[in-house]
Every structure is written in C-alpha cells, then in structure tokens.
Number of protein chains: 2
Amino acid sequence: MIHEAGRNPTIQEVARLAGVSQSTVSRVINGSPRVSATARAAVEQVIARVEYVPNNSARNLAQRHSDTVAVVIPDPANRLFGDPFFASLLGGITAGLTDNDLQLVLLRPLSQRDDERAQAYLRGGHVEGAIFVGLVIGDTRPRRLFDRGVPVVVVGSAPDPAISNVDCDNREGARLATAHLVECGRLKIATITGALEGVSAQERLAGYRDALAAGGLEVDPRLEVPGDYDPELAVEAAKLILQREPDIDGLFVASDTMAAAALRVIQDSGRRVPEDVSIVGFDDSAVARMTRPLLTTVAQPTEAMGREAANLLAGLIGAGGGAPRHVVFAPALVVRETSAARL
Amino acid sequence: MIHEAGRNPTIQEVARLAGVSQSTVSRVINGSPRVSATARAAVEQVIARVEYVPNNSARNLAQRHSDTVAVVIPDPANRLFGDPFFASLLGGITAGLTDNDLQLVLLRPLSQRDDERAQAYLRGGHVEGAIFVGLVIGDTRPRRLFDRGVPVVVVGSAPDPAISNVDCDNREGARLATAHLVECGRLKIATITGALEGVSAQERLAGYRDALAAGGLEVDPRLEVPGDYDPELAVEAAKLILQREPDIDGLFVASDTMAAAALRVIQDSGRRVPEDVSIVGFDDSAVARMTRPLLTTVAQPTEAMGREAANLLAGLIGAGGGAPRHVVFAPALVVRETSAARL
DNA sequence: GTGAAAGCGCTAACAG
DNA sequence: CTGTTAGCGCTTTCAC
C-alpha cells in the first residue's frame, strides 16, 4: 500500500533540504563519527522537521540483514497458546530479544499452506535466526533451516546435537515430583502424561518411572494415562484412572493446568486430597496458586528460559554461527498442599 | 549477517539457469498467468533445484509493502503476558492474520528506549498496519501512527473516533455480573477493579455502579478497591475489603485471575462461598473452571475478538484507509458455583 | 569530512 | 508471451 498521507520522506530529500549528500545523511543516521558537527546538526534538524524515518526494507536490502528473528510455534492443537507456560516463556523471549535489539516475528503455521509460507519466509533472508517452541519429535524444520545457515535455537529438547537449545531437566523434575510422592508413603502412584509426541512429555514420563523404580515400586503401564497438555482431556484421563485403578493414592500430572483439572475430578469422586490421593503438578504456573488445596508442583524458570533462548540466539547471530550450546535449567520441587504423608 | 553456507541464489541466477529473463522468473514467482507452460516449467524446475527463495527485503522495497503488521503491547507492568485473556487474544490475532496472509511482528516496548525504537520501526514503512493492545487512557501513539497514514486498530476502547477498534461491552458485562449478585439478594456488594489507567477497568467499574443503582443499592466508594489485574495485588485488595467491610456478601472482581485469588482469601477468612459471600469474575478464562467452587463469571469472546481485530486491520489495509469501524462484542453471564441466592 | 556512483534483489511498466 | 529498462531507498567503497 502507498498511503498518500503517509508518503515518507526519503534520504534524498533530507540530503537536499540539508544541503548535503545522501552519504552524509546516511552517516549521521548510522552514527558515524566521520561527520562534521555542522553537517550533523543541519541533517538532524531536517530529520526532525520532516519526521524522516529510514525505510527498513531498503536498509535491510543494502545491509543484507534485518535485525529480526522469528519465533515459530507449530501449534496445530492450539495447546501452547492456552497454557500459562507459554505466555510466560514468550514474555521472557520478547524481553531477551529486546535487550539484544532484535525484533520478533511470530510464526504460527496452522495449516499445511501456512507452513509452506512460514518456511519460505524463514529462508527468504528476512530473519537473522529463529526460535522454535513446542516441537514434536522428528521435526526436521530446525535442522533444515540451520543447514541453510540460519542460526536456530529450540526451546525444549535439541532435535540434533548441532542445534542449540534451552531446556529444563524434565526427567529430573518428574523424578523429583514422583520421589516426593514416594516419600509421602504413596504406594500406587499414577501419572497423566503430556503430549507424548514431544520430548518433554516423554522425559517426564521417564522421570516418573525412574522414581518409582528407585522407590521399589512397580512400573505399571496401567498407571500411565496419556494426556495432551489439554485440561479437558485431563478430566477424561483422571476419570479413566479412577475407574481403572480406584485405589491409587498418588498422582503425578505433567502440567499444572492438567493437574488442576484432575484435582477436581478426584475431589468430586469423594476422595480427599492430599489425604486419600496426593497430587503433584508441573510448571509452577499461576494456576498452582489458584486451586484448593494449593498445588504441589515442580517449578521451572519459564521466563528465564525464554530470556536465555533469546540471548543464545543473539550470540549465535553475532558470532555468525559458532559451536552449538545446550543450556538446561534445573527444576525445583515446590511443596504446597496437594501432597502429604500418608497417616 | 552473510552466512556463507546460506548464500541464497538470486532471481538473476535462476533466470540464467532457466534460460529466461528475470521478468519471467518474477512472473512465475508471483503467479502471473502471462507465462508459457514451458517457460514456467523450466523456471519451477530450477527454483526447486537450487532452492531459490525470493528475498523479502528486495521484494518489499520494490513493491513498497511488507505484508506484515505489528501487534503493540505497552506492557511495562507485565500484566498482560501473565493473563490467559491475553494468550487467548493473541491466539485469535495470529489466526486472523494468517488467514489474511499477514505476518505478525510483536512489539513490546518495556523501556523508554524500546518505545522509541518501536515507534521508529512502525513508521519505518516496515509494517502495513498495527494492532494495539492494553492501552492506557491518554496514549496518543495509535493516533499519531494513524495520522502518518498507517492503518491502526486497537483492542479495547477506541482512543479516538477516527481509530477503529474491537472491544467487549465491559460496562454491560460488569452490569450483568453485579445485577446477578443483586438478584441473588446480596445487599453489600464490593468490587475489586482492574487497572484504572485503562478504559476497560473504568467501564467495568461504571457497570458495577449502574447495577447497584438500578438495584436500589448505595454506591459506596469504600466498597470499591482498586486492583491492577494482578492476582498478587488482588489478594491484598480482598484482605483490605474484608477488614474494612467485614459484612460484605457479594463481590464483583474485574478479572478471573484476580477473582480466583480473592476467592481464596475470602474462604481462608472462614466465610463460605457462595453462601456468605457470592463472587463473580470477568473473562471466563480457563481459571474459572479450576477454582473450587467453580467461578461464576462474565464471558467475553476473546479469541473471536482477536480474529476480528486482525480482519478489521486487513480490511483497512486493503481499502487503503476508509471509514473507521468500531465493533463491540456482547458479554454473557456464566453462572457457576461462586454465586447463589441468599437463603 | 564529504560526495559520486555502484549496487543490494526484486517488481513493473513498456516495448516487442 | 517475453525481454529490456528503470527504479524502490539505503549503504558503501572510493576518490577527493
């Protein structure tokens, strides 16, 4: 679109008005020291008067860079956008990007067509790098992009050793949660998993099993109910568990939102929490402080993870590549009220 | 950055390899019908082989448009990013934008410097339009941008008749909520407001007063406690109310997250909800289904609002301006368990 | 310190 | 249907 009203002045006009050359204007815009004080003053005056703003496309074209990075969220199931985890993560990313003078473009391919467009966009030289969130196992997009020379970092498990990532130790977090349940004297501990197409959910499941084994408890597939990070589905999962194994006394749920949903189902079944069934969630999002009783959960530094992802990417961009880095944050158990020792 | 590995082929090279001119390549890229089948085939073949992807900056420069719009969130308090309302809204915006083949760049100026950068970015001809969210009363940024010829739509109250907006009837929503409390026979109804620097919170407060007046109840400033859409602050607000007016029997809270927090405080004080104190929230976000008892609230079609904002903006961009449009969605009372008739 | 000039990669008339 | 030719607005050598 060309907007009559908004016809922006160009560097040429500024130069003419200031009685200097384009080059000089360009120099003052870019803060070059090789400009006389008088010239600088004249140019700045004109810039202010005509409200000149450089055209980004032209600048990017000439400089061959854009100072923008993409955040890619393949979220067909619309899971991520509903979860406080994501909001918090995105908050951290935006903050970190801003600190590095990088712009953020949000890509959220919903359809096949969207995805093609997104890929083309990423490769179109329009971004300096990309952050992937919510990846599913086997997704080769980060790697393909990386192979084209675009710096990439993924939040979550690295799909490839060459790809930098920032993650939380999901397995350890789940182990912490489940071990806590074991320590509470719980003997039949079930779990509602996250979306198992993703590594994080797999890891949390593994951590759950680790703790069970370490506690001398049997690992029983019947106690493992697949969830999807979707609270609605968690309701069904909880009902299923209760029906199949009415005598469970412990439950580890792979996210707080799902845990909150499961908590309700269990309470509605007439069981007391934490006395009859103890529950531990994951994330320590705001909802953990909204349930009754308050949710025991595993905290992960979501916002910090987002910030770190941004910083990592900024580093990669600045270094023009360099060795991949893998940073993993430590989870921490937060004991609240949904877990207690068996009497 | 120039990435050696990623040195993208240009349209020139494709043309040479395919034995045609740049123009022809450009035509097939842009889907022009004026290309022979053979030429098209040859070009497409080469494009696929060398993995050619057009450079966006060059294209934008030549076409003088970018197909991207900005979503601006002046969120110094970090309120919005924590609220499910925002996540849902953003989900709607991204979906709507995608439908219109528009890219989204997220601008979240946190500091003065960020803000200057953001303004420059917006005026730099890099975006086709902008959506503002979470505006504070008196913010002239949308108008200033609009005056430069950039299409603008704000989510929330229109800061100016010339600016298009999409909103929910906040006043009516709050009236609905409070009238419901009145109908429940509640006689001393307090409120925890949102951030009063924003219009939405002001409107919700007005709606609360409307309903009180209509119900023959006194409007008492002592029953109006300022909040900030922040659950932490809501805890303090609730405590303050209880201390100041121990005999309240109804409470309207301007957001679900705050309501959930207030609910806890009230329960912890030994009061029964809904019997002693009935509570109504606002938003009908996921947290309303996580509290115990379930939260009675006012639903606003958050995702649809986001979608509409995107569509509105797309229309404005396509029409090259045109008359401003103001679309307001109707709120709806959702009665759950935190409200009940007085016995 | 400053200007002239040559592109950056692509689109868009304009001929043919 | 296709090629030629100008730019789009800015950065960047390279002389002066």
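Order of the sequence lines fixes the chain letters, A, B, ..., with proteins taken first and strands second; residue numbering starts at 1 for each chain.
Taking the side chain of B:Ser23 as heavy atoms from C-beta on, and the options C:dA12, D:dC10, C:dC10, the nearest nucleotide is C:dA12. Nearest nucleotide to the A:Ala39 side chain, out of D:dT11, C:dC10, C:dT2: C:dT2. Checked against C:dG9, D:dC10, D:dT4, the side chain of A:Ile11 finds its nearest nucleotide in D:dC10.
At C:dC8, none of the side-chain N or O atoms of B:Thr10 fall inside 4.0 Å of OP1 or OP2 (strictly under the cut-off). For C:dG3, the OP1/OP2 oxygens have a side-chain nitrogen or oxygen of A:Thr24 closer than 4.0 Å. Close to C:dG1, at under 4.0 Å from its OP1 or OP2, lies no side-chain N or O of A:Ser36.
In summary, of the residues considered (A:Asp139, A:Asp147, A:Thr140), a side-chain hydrogen bond (donor to acceptor under 3.5 Å, both in side chains) with A:Arg143 occurs for A:Asp147 alone.
The side-chain tip of B:Arg123 does not point at the ring of A:Tyr52 from less than 6.0 angstrom away and within 45° of straight on. In this structure, B:Arg108 is positioned above the aromatic face of B:Phe81, its NZ or CZ under 6.0 Å from the six-membered ring centre and within 45° of the axis.
Donor-acceptor pairing under 3.5 Å, judged by distance alone, is absent between the side chain of A:Ser26 and the base of D:dT12. On a pure distance criterion of 3.5 Å, no polar donor-acceptor pair joins the side chain of A:Arg64 and the base of C:dG9. A donor N or O paired with an acceptor N or O is found under 3.5 Å between the base of C:dG3 and the side-chain atoms of A:Arg27.
Put simply, CG on A:Asn30 is 11 Å from P on D:dC10, counting in whole angstrom units. In this structure, A:Asn55 atom CG and C:dC8 atom C1' are separated by 13 Å, rounded to whole Å. A:Gln22 has its CD atom 10 Å from the P atom of C:dA4, to the nearest Å. In this structure, B:Asn60 atom CG and C:dA12 atom C1' are separated by 15 Å, rounded to whole Å. D:dT13 atom P lies 11 Å from atom CD of A:Gln63, rounded to whole Å. We find that OH of B:Tyr52 is positioned 7 Å from C1' of C:dC10, with the value rounded to whole Å. Between A:Ile29 atom CD1 and D:dG9 atom P the separation is 13 Å, expressed in whole Å. Computed from coordinates, the A:Glu13 CD to D:dC10 C1' distance equals 13 Å when rounded to whole Å.
Within 6.0 Å of the CZ atom in A:Arg325, the count of heavy atoms belonging to other residues, nucleotides or ligands does not exceed 12. More than 12 heavy atoms of other shown residues, nucleotides or ligands fall within 6.0 angstrom of atom CD in B:Glu197.
Residue contacts shown for B:Val20 are limited to sugar-phosphate atoms, with no base heavy atom under 4.0 Å away. B:Arg59 comes within 4.0 angstrom of sugar-phosphate atoms only, judged by non-hydrogen atoms across all strands, and of no base.
Comparing B:Ala62 and B:Thr38 by the nucleotide of DNA chain D that holds the closest heavy atom to each, the one mapping nearer the 5' end is B:Thr38.
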